[in-house]
Amino acid sequence: EPPSRVEFFPIVWHDKVHHSGTALTRSIKGVTLSTIPALRAIANDVILDVLLYLTPNYCYDVLESVTDQIIGLYQKFNKTNPDFLSSGGKCSVVGHSLGSVIA
C-alpha cells in the first residue's frame with residue numbers, strides 16, 4: 001500500500017507577469033514615490049494585481065501561466081507516481097489571496 005501523505009507544489013505566477021523587463025513594471029517603478037516603502041510595495045504588488053486581474057490581457061496571462069504550470073506538474077507527478085490515480089489518489093487546488101480567485 002502506498003504511503004498516505006500530502007504534497008504541496010507551488011504555482012508561481014507573479015514573477016512571470018511582474019519581471020523587471022515588462023513595461024508595466026518599469027512604469028510602476030517610475031511613478032512610485034519613495035516615501036513609506038513598505039506601504040508602496042503592498043500597493044504595487046497586491047492591490048494593483050487585483051485591479052489588473054480585472055483587465056482581459058493581464059487575466060489571460062495569469063491564467064495561462066497557472067494552467068500551464070498545473071498541467072506540467074500534474075503530468076510530471078503522474079509519470080513519477082504511475083499508480084496514483086488507480087489507487088484512489090486525489091488532487092486539490094488551493095490558493096491564497098488573489099490565488100484563490102485564480103484557482
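Computation of the quantities below employed the complete heavy-atom set of this structure, encompassing side-chain atoms and omitting hydrogens, waters and symmetry-equivalent molecules.
With rounding to the nearest 0.5 Å, the separation of OH in Tyr74 from CZ in Phe84 is 6.5 Å. The CD1 atom of Ile102 sits 4.0 Å away from atom CG of Leu98, with the distance rounded to the nearest 0.5 Å.
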Practice task
Apply side chain to side chain contact (heavy atoms under 4.5 Å, CB included) to the pair Thr67 and Trp13, showing each step before the final yes or no.
Solution key: CA-CA 10 Å; Thr67 302; Trp13 59 269; over 6 Å; no
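Nearest heavy-atom pair across Gln69 and Val12 is NE2-O, 2.9 Å. Nearest heavy-atom pair across Asn78 and Leu85 is OD1-CG, 4.2 Å. When all heavy atoms of Tyr58 and Tyr53 are compared, the closest pair comes out as CD2-N, 3.3 Å.
Cys59 pairs in a side chain to side chain contact (heavy atoms under 4.5 Å, CB included) with only one of the listed residues (Asn57, Val62, Leu63, Asp61), which is Leu63. Each of Asp68, Leu73, Val66 was compared with Ile70 under the side chain to side chain contact (heavy atoms under 4.5 Å, CB included) criterion, and only Val66 meets it.
Looking at Tyr60 and Thr55, their side chains never come closer than 4.5 Å, going by heavy atoms from C-beta outward.
Distance alone, capped at 3.5 Å, is enough to place a donor-acceptor pair between the Ser87 side chain and the Asp83 backbone. In this structure, the side chain of Ser100 does not engage the main chain of His96 through any donor-acceptor pair within 3.5 Å.
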